[in-house]
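Reading through the structure tokens given below for one structure.
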Amino acid sequence: MNVVAFQQTAPEGALSPARSGLPAASVRGLSKQFGAGPVIMSGLDLDIHHGSRVAIIGANGTGKSTLIRMLVRLVEPGGGDIRLLGEDVRKLDAAGLKRLRSRVGFVFQRHNLVTRLSALTNVVHGVQSRMSGPRTWTQLLAPREVRAEAMHCLERVGLADKATARIDTLSGGQSQRVAVARMLMQRPELVIADEPDASLDPKSGEEVMATLAALANEQDATLIFVSHRMEHAIRFSERIVGLGGGKVALDQPSDTVSEAELTRFFHHD
Amino acid sequence: MTEAQTRKAGHLPPRIERVNPVAFTLTFAVAAFVIWSMTTAGPSLDQLARGLPNIGNILSRMFPPDFERIDRILWSLFQTFQMAIAGCAIGLVLSVPLGILAAEGLSPHPAIRTAARSLIAVFRTVPDLVWALIFVIAVGLGSPAGVLAIAIDVMGFAARFFAEAMEETDKGPREALSALGANRLGMIMSAVLPAAAPSMIATSLYCLEKATRASVVLGLVGAGGIGVELKVAFDLFAYQTAATIILVILILVIAVEQTGGWLRRKII
Ligand SMILES: Nc1ncnc2c1ncn2[C@@H]1O[C@H](COP(=O)(O)OP(=O)(O)OP(=O)(O)O)[C@@H](O)[C@H]1O
Ligand SMILES: [Mg+2]
């Protein structure tokens, strides 16, 4: 299967040279509090370079999901500055935000596909990042090039043979790979993934992570992912950022940390 | 078990904890109103005594049904069914956008959502016969008035259930589409409608049953369909013809209900 091939090409924790000096994401003094609830983030600073692969870790409820959601304003930031792909995220109007989001591929913990529709139609939906109208709603109406590109994206995640299968007939791992294919359809410059491996069995979770890392690498896209699996965090990133106390509490190159150290980081919190 | 628990278990609670004077008065008032309504509006005993034999009399005069004009009756029944189909189709098609405007999270603005919900409430609360009367005045006697009345009645029902079905769909795919920069319409058409489709089809089938039942009585107020034949038959004391009409109506309604029920079970 293709995925196996991806796994082989995936660089395993190797620190690749910074491809450009410009940060893909730059966060300054970010803070967040939901209503009158506890302060989740206070004065968080973080820079992520173009083309790098960064793992975000932290105990449950430390605000990992909140942080990456705020980057594209799926959650509204409380205070501070966010620059993403050269845009001042908090100053964008609705149209500007849509344009920015179309450049960012987001993979969720759940696959978030329409389960009653085919894999191909779900991947075709990804083209809505740059097109609109009935021809983007279903593979049935999609233009030839769009269908071809969607098929190609499915091939890249090793699921070309499942194109016509409904999502509710696929396994969890396969569904998550379809979600990755939909994300590829966006031709993203930045890939953000929130525990894409969490709801899967160890093997499928690893396949999904390997696919993501390899694809991001292939297209020179930046990858920011959250994972609760320390071996994934180390293996598929070149830098590990740990959240704690509403700030960055750990920031190290992945090849200098051990699983034991990371586990200690969690228990220390 | 400790001693305290044993004592508690053996001790039965009183049947009535305590009498709430407000609740007691209200219950009493409601009961009084029900009895008063029954005595003033309901039939008196001697009306019942005279009425029941009359019903028997009418039923016996209906028998045997007169199939003399069955071709005309069936044609009229067919037109009635067409009226139901047309009204239902128009109502369902309009219910989709109306339902979207009324659905939380899909409506473009809370004010629009409130307006849409109010409109649906008006459509629903005014009875279909009243709509028919209004449209008979507006567009004249005949089936167009009936089609419009059915369409409005269907919207009052379907738009509300469409909105609920859409609200209940999984938020995940919606969020995924807005996260990739899709517009609202794309998100609705790609993620919401496909997920809500089974429930919306079930609602639509039910609406067809409802519309069929409505279509047979709209003729009574001149809005087209077989109802007018029934009225004429009764006015002319042609009870045997009326019996035939009632019979074919019954067959149509039961056929539509059975087919609809069967299709709904297949979808779910
Ligand atoms: N929409 C919301 N409204 C209120 N509180 C929220 C909301 N979203 C998140 N929170 C709270 O914010 C805190 C951080 O949540 P978040 O989901 O970002 O944590 P996380 O690090 O991703 O945790 P996990 O490892 O469980 O995914 C939690 O205490 C959570 O309950
Ligand atoms: Mg999370």
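When reading the values below, keep in mind they use all heavy atoms of this one structure, side chains included, and skip hydrogens, waters and symmetry mates. Everything quoted here is computed from the prediction, not taken from an experiment. A, B, ... follow the sequence lines: proteins, then strands. Residue 1 opens every chain.
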Q) When rounded to the nearest 0.5 angstrom, what distance separates CG in N112(A) from CZ in R174(B)? A) 11.5 Å

Q: State whether the number of non-hydrogen atoms from other residues, nucleotides or ligands found under 6.0 Å of K171(B) atom NZ is greater than 12.
A: yes

Q) Side chain, backbone, both or neither: which part of T138(A) has an atom under 4.5 Å from a heavy atom of chain B? A) neither

Q. Would you say H125(A) and M187(B) make side-chain contact, with heavy atoms under 4.5 Å?
A. no

Q: Measure distances from R182(A) to the heavy atoms of chain B and classify the residue's part below 4.5 Å as side chain, backbone, both or neither.
A: side chain

Q.
Please classify the contact of V72(A) with chain B as side chain, backbone, both or neither, using a heavy-atom distance under 4.5 Å.
A. neither

**Q.** Which atoms of D170(B) approach chain A - backbone, side chain, both or neither, heavy atom under 4.5 Å
**A.** side chain

Q.
Only pairs of heavy atoms separated by less than 4.5 Å count here; which of G181(B), A197(B), P173(B) has the most with chain A?
A. P173(B)

Q. Are W137(A) and L185(B) side-chain neighbours, meaning at least one heavy-atom pair lies under 4.5 Å?
A. yes

Q | Contacting moiety of S178(B), where chain A heavy atoms sit under 4.5 Å | A | both

Q: Would you mind checking which part of L180(B) comes under 4.5 Å of any heavy atom in chain A, side chain (CB onward), backbone (N, CA, C, O), both or neither?
A: both

Q) Closest approach of F108(A) and A179(B), non-hydrogen atoms and distance? A) CZ-CB, 4.0 Å

Q: Give, as side chain, backbone, both or neither, the part of R99(A) having an atom under 4.5 angstrom from any heavy atom of chain B.
A: neither

Q | Most chain B-contacting option - heavy-atom pairs closer than 4.5 Å, from M185(A), K98(A), R130(A) | A | K98(A)

Q: Sort out for me which of M131(A), H111(A), R73(A), R69(A) touches chain B most, counting heavy-atom pairs under 4.5 Å.
A: R69(A)

**Q.** Separation between CG of N183(B) and OG of S129(A), rounded to the nearest 0.5 Å
**A.** 11.5 Å

Q: Select one option (side chain, backbone, both, neither) describing which atoms of L117(A) are under 4.5 Å from chain B's heavy atoms.
A: side chain

(Q) For the backbone of P194(B) and the side chain of R116(A), can you confirm whether one donor and one acceptor N or O come within less than 3.5 Å of each other? (A) yes

Q. Would you call S190(B) and Q128(A) a side-chain contact if the rule is heavy atoms closer than 4.5 Å?
A. yes

